[in-house]
Amino acid sequence: MSKTYKNFIAGRWTAPATGKYLENRNPADISDLIGRFPDSGPRDIEAAVVSAAKGFQIWSATPAPARGDVLRRVGDLLVDRKDDIARAMTREMGKVLAETGGDVQEGIDTAYYAASETRRLFGNTVPSELRSKWAMSYRRPIGICGLITPFNFPMAIPTWKMFPALACGNSVILKPSEDVPHTATLLVEILLDAGLPPEVIQLVHGRGQTAGRALVEHPTVPVVSFTGSTATGSTIGETCGRMHKRLSLEMGGKNAIVVMDDADLDLALDGVLWGAFGTTGQRCTATSRLLLQRRIHDKFVARLEEAANGMRLGSGLAKDTDVGPLIHQAARDKVERYVQIGKEDGAELVAGGRRGTGTRLSKGWFYRPTIFAGVRGNDRLAQEEIFGPVLSVIRFNSFDDAVRINNSVRYGLSSSLYTQDVHLAFRAMQRLDNGITYVNAPTIGAEAHLPFGGVKQTGNGHREGGWEVYHFYSETKVCYVDYSGMLQRAQIDNY
Ligand code: UN1
């Protein structure tokens, strides 16, 4: 018998009002049933909102450094349980253990950063234009934050949203991807063990169309943060626009590595393999385009082909695995559709282009690391997000061409340039139209204490991580104190 899990609402683990559940299976071996998790609906969200409103009263009245103490203990517990959580995550979503360990580490870094930030939620004091008048701003909590998170970073992304929201004094409702409910459960257990007042956190499992939608549309949830597809982000954006909600969106990417003729090719090769096939290509930051300068193109593609063909597929729990499975059948179907599109558009299949075979791969959603060469900038392979292990190689002549190709997609998350020319490196940082640019490193690997996000249709102007996200989860309040004892009219009595 598999275990049946519950939502966490109003301070206790609660069965869904719908009475319905979704099965959660290991994508490397679908005969391995992890558990049944709630397929929640609007009534569950309603109950979560009622409790979170109480949580907000309690938590917003708690001094920020005391909130920080809880977050520090959360970090400590994540450290203690890192290995167990990493194993559970790999079982649940497939990526290799080193990567799920890194994912937990990102949560740990975010917890300690948030804890320290609670002693630094700065406002400003500025001179008034009038005599004997004090002018200042401070930051206030907002209310209930609805957080909707994807499967690919089951720990890092919920913590990126949740810990700053909590540090600022808000209460939280988390609706994690239905593909990674177990990791979310482990995270909520840690928050409770660390001493978070239970009403401050609610966990509602379920699908985006039902639980996620009810959360976004609830009038008492003024803040929504979503990481996922650009299409879903647009729908959420319409609702939040109509309802005047504060919304942070992190969405798609079509990130490119540019390799110049003068680059250290060994370094670039390692970077491309890690950027394109780490997390089986299922990162918003994944390297899905590779721009090679003409002179090194053929040599580099040949080396890449050999290296990609040598990558070993398997369960992320096995020590010798380089690349784990895709998350589910629909993800693999999508990859297969794009491989077909690539062939029809006349791109040259250099590596992969087929499912993983062999007994240890027969029960999971495996797909070989795939490389297409001869892709043109406007081809669908070069424009659309695939979210799988598919790399499109584009040949270019000059640095200016590379910049133009990099910038000619609707997304703008990360980019990368491999060169030994310091002038080009600085030009790239200026001209590549992305939220993040790496020099001599791949398009993945953002650190928790720097702002994370993209331009164009990748986001809506907000950033996660680092210091900037604290502005998203708090409201600026401005206060004036006139101690002159008389009416002073701004803009009039001072001139
Ligand atoms: C994501 O793919 O949504 O920079 C997040 C990186 C990770 C985070 C990725 N630290 O690749």
Side-chain angles (χ1 to χ4, degrees), residues 78 86 89 93-96 98-113 147-164 174 176-177 179-180 183-184 208 225-233 248-257 270-289 323-324 326-327 331 385-391 411-416 432 434-455 457-460 462-466 468-469:
L78 282 168
M89 280 164 74
M93 59 71 70
K95 65 186 176 186
V96 298
E99 291 189 39
T100 46
D103 196 331
V104 181
Q105 187 58 46
E106 213 159 330
I108 294 167
D109 298 341
T110 302
Y112 290 140
Y113 187 97
L147 312 180
I148 303 176
T149 54
F151 76 86
N152 62 338
F153 277 80
M155 182 60 72
I157 294 179
T159 66
W160 285 1
K161 298 183 192 301
M162 195 189 281
F163 296 169
L174 173 63
S177 158
D179 298 314
V180 289
T183 308
S225 181
F226 168 78
T227 299
S229 74
T230 296
T232 305
S248 174
L249 294 172
E250 282 302 335
M251 303 173 288
K254 194 70 199 177
N255 316 296
I257 288 183
D270 286 346
V272 171
L273 292 170
W274 175 228
F277 304 126
T279 324
T280 321
Q282 302 171 110
R283 292 195 191 209
C284 328
T285 52
T287 306
S288 53
R289 295 183 295 158
V323 181
L326 286 151
I327 186 69
E385 186 178 47
I386 302 171
F387 225 64
V390 181
L391 179 67
Y411 301 111
L413 184 49
S414 60
S415 55
S416 146
L432 295 175
N434 302 89
I436 307 168
T437 291
Y438 293 90
V439 175
N440 292 332
T443 57
I444 68 177
E447 300 177 27
H449 59 298
L450 278 90
F452 177 92
V455 301
Q457 290 185 31
T458 290
N460 64 340
H462 294 290
R463 292 291 181 270
E464 306 207 88
E468 288 205 7
V469 70

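For ligands, and for the atoms within them, numbers begin at 1 and follow the listed sequence. Counting from 1, the numbers follow the sequence of the chain as shown. What you see is a predicted model, and the numbers here were worked out from it, not measured in a lab.
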Plane angle bin for F151 and F387 - parallel if under 30°, tilted between 30 and 60°, otherwise perpendicular: perpendicular
Main-chain N/O of G388 paired with T280 side-chain donor or acceptor, under 3.5 Å: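 No, because the side chain of T280 does not come within donor-acceptor range (under 3.5 Å) of the backbone of G388.
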S225 vs L147, side chain to side chain contact (heavy atoms under 4.5 Å, CB included): CA-CA, chis, key distance, verdict: CA-CA 5 Å; S225 181; L147 312 180; 3.9 Å; yes
Go ahead and list the nitrogen or oxygen contacts between ligand 1 and the protein that come in under 3.5 Å, distances to 0.1 Å, or just say none.
| residue | atom | partner | partner atom | Å |
| --- | --- | --- | --- | --- |
| ligand 1 | 2 (O) | N152 | ND2 | 3.3 |
| ligand 1 | 2 (O) | C284 | N | 2.8 |
| ligand 1 | 4 (O) | G445 | N | 3.0 |
| ligand 1 | 4 (O) | A446 | N | 2.7 |
| ligand 1 | 10 (N) | E106 | OE1 | 3.2 |
| ligand 1 | 10 (N) | E106 | OE2 | 3.0 |
| ligand 1 | 10 (N) | A446 | O | 3.2 |
| ligand 1 | 11 (O) | R283 | NH1 | 2.7 |
| ligand 1 | 11 (O) | T285 | OG1 | 2.7 |
| ligand 1 | 11 (O) | G445 | N | 3.3 |

K161 with E250: basic N within carboxylate O range, under 4.0 Å: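 The answer is no: the pair does not qualify as a salt bridge.
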Heavy-atom closest contact (V469 atom, W160 atom, distance):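 Result for this residue pair: CG2-O, 4.4 Å.
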Under the ring pair (Phe, Tyr, Trp, His ring centres under 6.0 Å) test, residues paired with F226 that sit two or more places apart: none
